[in-house]
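Following: one structure in C-alpha cells, then a few remarks.
Only heavy atoms go into these numbers, but all of them, side chains included; no hydrogens, no water, no symmetry mates. Source: prediction; values computed, not measured. Just so you know, ligand 1 is whichever comes first in the structure, and atom 1 is the first atom listed for that ligand.
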Amino acid sequence: MTVIAVSDLAKVYKRGAEEVHALRGVSLSVNAGEFVSIVGPSGSGKTALLNLLGCLDTPTGGIISINGTDVTTLPESRRVLIRREQIGFVFQQFFLIPTLNAKENILLPLTFSKKQVDESRAREILEMVGLSHRENHLPHELSGGEMQRVAIGRALINDPKIILADEPTGNLDSHTAEQMYGIFEELVERGYTVIIVTHNTELAHRAHRVIRLRDGHLEPDEPCVCQDNT
Ligand SMILES: Nc1ncnc2c1ncn2[C@@H]1O[C@H](COP(=O)(O)OP(=O)(O)OP(=O)(O)O)[C@@H](O)[C@H]1O
Ligand SMILES: [Mg+2]
C-alpha cells in the first residue's frame with residue numbers, strides 16, 4: 001500500500017530577485033512499512049523534500065499525496081492535522097525544551113493536540129526508545145544519543161505511522177548513530193514507514209531503499225546490496 005505518492009514536485013525559493021530551484025520535478029512513492037534513506041550533496045534539496053513530505057512547507061508545483069489525500073491543495077488547518085496525527089519528525093538538533101524532563105518532552109505534543117496525557121503510553125515509548133531509566137532527567141543531564149531518543153519518543157507520542165528524520169545522527173558519534181539506526185529499524189519492524197535524510201552512506205544502506213538527490217533531481221534508485229548482517 002502506498003502511503004506517500006509524490007508527482008513532479010517542484011520547490012522554488014524566492015530571495016528578492018533571486019530564485020533558488022531546490023526541487024525540479026521529483027516523483028516517488030513510498031509503501032507502508034518501507035524504510036527509505038535520502039542521500040545527496042549539501043544543497044541538493046533533501047531538507048526541502050522532507051519538509052514538503054511532512055507538510056511543513058508547500059510546493060511550488062506538483063502533488064504530494066499522504067494516505068490518498070492530496071495535501072498540496074488542503075487549507076493549512078487541515079495540513080496541521082495531518083502533520084500532527086500522521087507524521088512524526090526527528091531533527092538533527094533535537095529541539096528539546098530544556099526545562100522539561102525526558103518524559104515531559106515526549107508528552108509535549110499531546111498538549112498541542114489537546115489530548116489527555118497517557119502515562120502508560122509514555123512509559124511504553126520510553127521503553128521503546130530505551131530511556132526508561134532516564135525519564136526524570138533534564139536534557140542537559142542526557143547524552144546526545146539520549147536526547148535524540150527523547151526526540152524520537154516525542155515524534156511517536158501522537159502515534160503517527162510515518163516518521164521523517166532529517167540527519168538524525170548528524171550530531172552523534174558513529175557508535176551512537178548506529179544505535180539510533182537500530183531504533184529506526186525497530187520502528188520499521190513494528191510497521192512504521194521511516195524516511196531518513198543522511199550524509200552517512202554506510203547507515204543509509206541499512207534502509208530498504210536509497211534515494212539519491214542531486215541538484216533538485218532524483219537519481220535512479222540503487223538496489224540495496226546491504227542486509228548482510230554478518
Ligand atoms: N528558505 C530558503 N530560502 C532560499 N533558499 C533556500 C531556502 N531553504 C533552502 N534553500 C536553498 O535550496 C537548496 C536546497 O536546500 P536544502 O536545505 O533542501 O539542501 P539539503 O540537501 O538539505 O542540504 P544539506 O545537506 O546541507 O542539509 C539550497 O540551494 C538552499 O540554499
Ligand atoms: Mg538539509
Side-chain angles (χ1 to χ4, degrees), residues 4-30 34-66 71-72 74 76 79-80 82-83 87-96 144-145 147-148 150-152 154-155 160 162-174 176-178 180-181 183-184 187 193-222 224:
I4 297 176
V6 172
S7 170
D8 208 19
L9 196 64
K11 180 70 190 180
V12 181
Y13 292 106
K14 286 203 170 65
R15 300 186 66 250
E18 186 198 1
E19 286 192 342
V20 179
H21 291 257
L23 296 172
R24 304 165 185 264
V26 168
S27 300
L28 66 100
S29 77
V30 178
E34 216 183 338
F35 185 6
V36 176
S37 296
I38 301 176
V39 300
S42 183
S44 58
K46 303 180 300 296
T47 296
L49 176 59
L50 209 70
N51 288 347
L52 290 172
L53 296 182
C55 300
L56 289 174
D57 200 359
T58 47
T60 327
I63 287 174
I64 304 169
S65 156
I66 311 269
V71 296
T72 47
L74 288 182
E76 180 58 17
R79 287 156 43 79
V80 168
I82 291 186
R83 195 154 70 214
I87 298 162
F89 276 97
V90 180
F91 301 95
Q92 179 174 357
Q93 302 90 339
F94 319 139
F95 294 127
L96 302 182
M147 283 194 265
Q148 193 58 299
V150 175
I152 296 174
R154 182 185 53 194
I162 302 169
I163 303 294
L164 304 179
D166 196 353
E167 299 193 40
T169 62
N171 283 337
L172 305 174
D173 65 80
S174 59
T176 312
E178 277 200 31
M180 220 49 62
Y181 261 70
I183 297 179
F184 288 117
L187 294 179
T193 305
V194 177
I195 304 180
I196 301 186
V197 166
T198 182
H199 277 286
N200 186 325
T201 42
E202 202 176 306
L203 288 176
H205 281 88
R206 279 168 63 169
H208 299 143
R209 180 149 61 107
V210 179
I211 287 175
R212 200 169 284 276
L213 271 175
R214 183 173 291 275
D215 205 15
H217 291 287
L218 225 58
E219 295 196 333
D221 275 5
E222 277 179 37
C224 203

Of all the heavy atoms in Pro41, does at least one lie under 4.0 Å from an atom in ligand 1? yes
Check this for me: Glu202, atom CD, are more than 12 non-hydrogen atoms of other residues, nucleotides or ligands nearer than 6.0 Å? no
Is there a donor-acceptor contact under 3.5 Å from the side chain of Arg24 to the main chain of Asp215? yes
Heavy-atom contacts under 4.0 Å between Thr47 and ligand 1: side chain, backbone, both, or neither? both
In terms of the angle between their ring planes, are Phe35 and Tyr181 parallel, tilted or perpendicular, with boundaries placed at 30° and 60°? tilted
Would atom 22 (O) of ligand 1 count as contacted, meaning some protein heavy atom under 4.0 Å? yes
Proximity flag Lys14 to ligand 1, non-hydrogen atoms under 4.0 Å: no
Please evaluate residues Leu164 and Val90 with respect to the criterion side chain to side chain contact (heavy atoms under 4.5 Å, CB included), reporting the C-alpha separation (whole Å), side-chain torsions for both, the decisive distance (0.1 Å), and the verdict. CA-CA 6 Å; Leu164 304 179; Val90 180; over 6 Å; no
Gly40 to ligand 1, any heavy atom closer than 4.0 Å: no
Please list, chain by chain and in numerical order, all residues satisfying side chain to side chain contact (heavy atoms under 4.5 Å, CB included) with Ala177, sequence neighbours excluded. Thr169, Leu203
Apply side chain to side chain contact (heavy atoms under 4.5 Å, CB included) to the pair Leu28 and Leu49, showing each step before the final yes or no. CA-CA 11 Å; Leu28 66 100; Leu49 176 59; 4.2 Å; yes
Identify every side-chain donor-acceptor pair in residues 7-14 under 3.5 Å, counting partners at least two apart or on other chains, and give the distances.
{"unit_1": "Lys11", "atom_1": "NZ", "unit_2": "Asp57", "atom_2": "OD1", "d": "3.3"}
{"unit_1": "Lys11", "atom_1": "NZ", "unit_2": "Thr58", "atom_2": "O", "d": "2.7"}

Contact between ligand 1 and His21 is defined here as a heavy atom of the residue under 4.0 Å from a ligand atom; is it met? no
Sorted by chain and number, sequence neighbours left out, side chain to side chain donor-acceptor pair (under 3.5 Å) with Ser44 holds for none
Atoms of protein origin (N, O or S) under 2.8 Å from the Mg ion (ligand 2): Thr47 OG1
